[in-house]
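These notes are about the structure you will find just below.
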Amino acid sequence: MYKTHFTSEVTPELDGKTVFLAGWIHTIRDLGGKKFILLRDRSGLIQVVVSKDSAAYNSVSELTLESTVQVEGIVKSDKRAPSGVEVHALSIKPFSIAKSPLPLEVSGKVESDIETRLKERVLDLRRVEMTSVLNISSEVIRSFRNTLYSKRFIEVFTPKIIASATEGGAQLFPVIYFGREAFLAQSPQLYKELLAGSVERVFEIAPAWRAEESDTPYHLSEFISMDVEMAFADYHDVMELLEDLVTNMIDVVKTHCGKELAELKHELPNITKPFPKISYSEALEILRGKGFTIKFGDDIGTPEARILAEEVGTPFYFLVEWPSFTRPFYTKSIDSNPDLSESFDLMYKWIEIASGSTRNHNRKVLEENLRRKGLNPENFEFFLRWFDYGMPPHAGFGMGFARLMLFFTGLNNVKEAIPFPRDKKRLTP
RNA sequence: GCCGCGGUAGUCUAGCGGCCUAGGAUGAGGGCCUGUCGAGCCCUUGACCCGGGUUCAAAUCCCGGCCGCGGCGCCA
């Protein structure tokens with residue numbers, strides 16, 4: 001082992017104890033007869049004091065910012081130290097001396113453009129703000145899993161190389177599969193439905209790919225989709241589930257990520273259940289009242305969604321019961337009014353972060369819907385045939401992880417919220 | 001893809017026809033300093049995205065390209 005403690009575990013109670021720490025050189029303040037090093041690891045920073053009479057003194061002169069080292073030292077509780085405790089170095093062993101100057105300042109003295117930050121991403125991820133983002137990400141995922149486990153969902157994995165488009169619409173990335181044409185999955189939709197048809201309650205956290213022109217702060221070519229599918233349930237049931245998922249995540253992040261939120265200067269609002277629900281038709285009325293010319297069937301675009309978000313006032317709200325023909329073929333229509341569907345979008349401000357519905361479980365209706373959308377039911381036989389063998393009524397949704405992270409971090413670009421984003425122009429790092 | 005704005009040392013910025021031999025911060029190199037904590041002080045180092053054009057004179061104005069950011073569209 002290279003370290004006996006993380007820097008966050010060095011507390012005044014350890015006074016007098018010898019510890020081994022390992023991490024990165026965050027800053028060096030050289031006062032001549034004494035040098036102060038801030039040593040950083042994932043958990044935080046600790047001050048290391050190197051005095052002239054220490055054996056470690058000479059090795060400090062070769063250290064550059066972001067070099068990795070092991071520090072052996074004695075813990076000293078001292079109110080002059082930034083955190084009330086510091087480590088007096090006995091020896092400092094360098095592992096890797098970083099090149100200088102750095103292409104990005106990890107210490108945060110000079111802020112870099114997002115362009116530079118994504119190019120120099122590994123250094124950028126060492127910044128305390130980005131480490132906080134990654135820690136929060138992990139807690140959000142953990143909470144998502146725990147809530148679903150507690151409701152008897154199981155985690156599944158669906159194929160990511162598929163034969164054809166699942167729902168039309170989005171552009172697919174082609175791949176060559178043993179000489180045949182295949183595509184990267186744009187969504188686990190059909191497979192998660194089939195799984196729900198076998199084991200009732202499933203979820204998946206996995207990448208999905210869309211070869212769209214989209215060039216905005218809310219789109220990625222490769223994104224993590226948090227998918228849920230539930231048998232013997234309708235869209236009301238899964239909206240309620242979604243409310244539980246989101247509010248539990250907020251609780252977990254508030255409880256475990258206070259330090260991270262402070263680092264990001266971000267506060268999470270109190271969110272209460274249920275979230276406001278606005279029907280598509282109501283949304284049109286609101287928008288018309290605001291001077292928009294918008295008719296039944298028109299999409300609610302970004303400028304319109306911004307107005308709605310302002311009207312609603314709370315960060316999260318549902319837009320429900322969209323026109324059937326604007327939704328994919330597997331979306332169930334409302335029996336009493338087939339022009340509308342049992343569907344919803346969960347909005348965070350003006351951004352759609354989740355989208356779901358009750359699904360059709362009747363083969364005839366599915367075939368009809370496919371034809372209506374100009375798709376050939378024969379191409380969906382791998383999916384449709386299972387509807388002959390006792391498909392339960394079911395519902396589900398997919399949620400965009402990076403978009404959700406905008407809420408938890410206060411960031412306003414999904415490319416910042418995940419470590420290595422893929423967009424129209426970025427394929428590395 | 002369309003519209004708008006922008007591209008100045010490793011990083012971040014000021015300058016927007018001649019006061020620019022391009023200013024500052026941070027980094028880097030050197031020096032002083034035994035309690036710094038965005039340490040301080042002194043010295044040094046390093047830049048006008050690319051290609052055309054206008055002009056006596058271009059970082060600065062015009063045109064084209066590339067790249068970036070924002071808005072919109074497409075899409076989730």
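Order of the sequence lines sets the chain letters (A, B, ...), proteins ahead of strands, with each chain counted from 1.
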- Task: Applying ring pair (Phe, Tyr, Trp, His ring centres under 6.0 Å), run through A/Phe344 and A/Phe318 and close with a yes or a no.
- Result: CA-CA 6 Å; A/Phe344 64 88; A/Phe318 287 108; 5.6 Å; yes
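At least one side-chain heavy atom of A/Arg426 sits under 4.5 Å from a side-chain heavy atom of A/Leu118. A heavy-atom distance below 4.5 Å is not found between the side chains of A/Thr331 and A/Ser324.
Side-chain nitrogen and oxygen atoms of A/Arg306 include at least one within less than 4.0 Å of the OP1 or OP2 phosphate oxygen of B/G71. Taking 4.0 angstrom as the limit, A/Lys109 places none of its side-chain polar atoms (N or O) nearer than this to OP1 or OP2 of B/A25.
Salt bridge A/Lys3/A/Glu72: absent, no basic N to carboxylate O contact under 4.0 Å. Taking the charged nitrogens against the carboxylate oxygens, A/Arg422 and A/Glu222 have no contact shorter than 4.0 Å, which rules out a salt bridge. Salt-bridge check for A/Glu311 with A/Lys290: passed, with a basic side-chain N closer than 4.0 Å to an acidic carboxylate O. In summary, A/Glu139 and A/Arg142 engage in a salt bridge, as defined by a charged side-chain N under 4.0 Å from a carboxylate O.
Across all strands, A/Ile351 comes closer than 4.0 Å to no nucleic acid atom at all (heavy-atom distances). Within the 4.0 angstrom heavy-atom criterion, no nucleotide atom of any strand lies near A/Lys35. A/Thr302 comes within contact range of the sugar-phosphate backbone alone, with a heavy-atom separation under 4.0 Å but no base atom that close. In this structure, A/His88 reaches the bases: a heavy-atom distance under 4.0 Å links it to at least one base atom across the strands shown. Within 4.0 Å of A/Thr27, counting heavy atoms only, lies no atom of the nucleic acid at all. Contact annotation for A/Glu86: base contact, defined as any heavy-atom pair under 4.0 Å involving a base atom. A/Ala354 comes within contact range of no nucleotide atom at all, as no heavy-atom separation falls under 4.0 Å. A/Glu120 comes within 4.0 angstrom of nothing in the nucleic acid, heavy atoms only. Using a 4.0 Å heavy-atom criterion, one finds that A/Leu220 contacts the bases of the nucleic acid, with or without backbone contacts as well. Residue A/Asn413 is in sugar-phosphate contact alone, with no base atom involved, counting any heavy-atom pair closer than 4.0 Å across all strands shown.
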Protein-nucleic acid N or O pairs under 3.5 Å, nucleotides 7-16 of chain B:
from	atom 1	to	atom 2	distance (Å)
B/G10	O2'	A/Leu102	O	3.3
B/G10	N2	A/Glu105	OE2	2.9
B/U11	O3'	A/Ser112	OG	3.4
B/U11	O2'	A/Ser112	OG	3.0
B/C12	OP1	A/Asp113	N	2.8
B/C12	OP1	A/Thr116	OG1	2.8
B/C12	O4'	A/Glu111	O	3.4

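Across all strands shown, B/U44 is found opposite B/A28 as a Watson-Crick or G-U wobble partner, with both distances under 3.5 Å. Here B/C72 sits opposite B/G1 as a Watson-Crick or G-U wobble pair (both hydrogen-bonding atom distances under 3.5 Å). B/C16 makes up no base pair with any nucleotide shown, lacking Watson-Crick or G-U wobble contacts both under 3.5 Å. Across all strands shown, the partner of B/C67 is B/G6, judged by Watson-Crick or G-U wobble contacts whose two distances both fall under 3.5 Å. For B/A59, there is no paired base (Watson-Crick or G-U wobble, both distances below 3.5 Å).
Of the two residues near RNA chain B, A/Asp78 and A/Lys424, the one whose nearest nucleotide lies more 5' is A/Lys424. Between A/Arg80 and A/Leu118, the residue whose closest nucleotide on RNA chain B is further toward the 5' end is A/Arg80.
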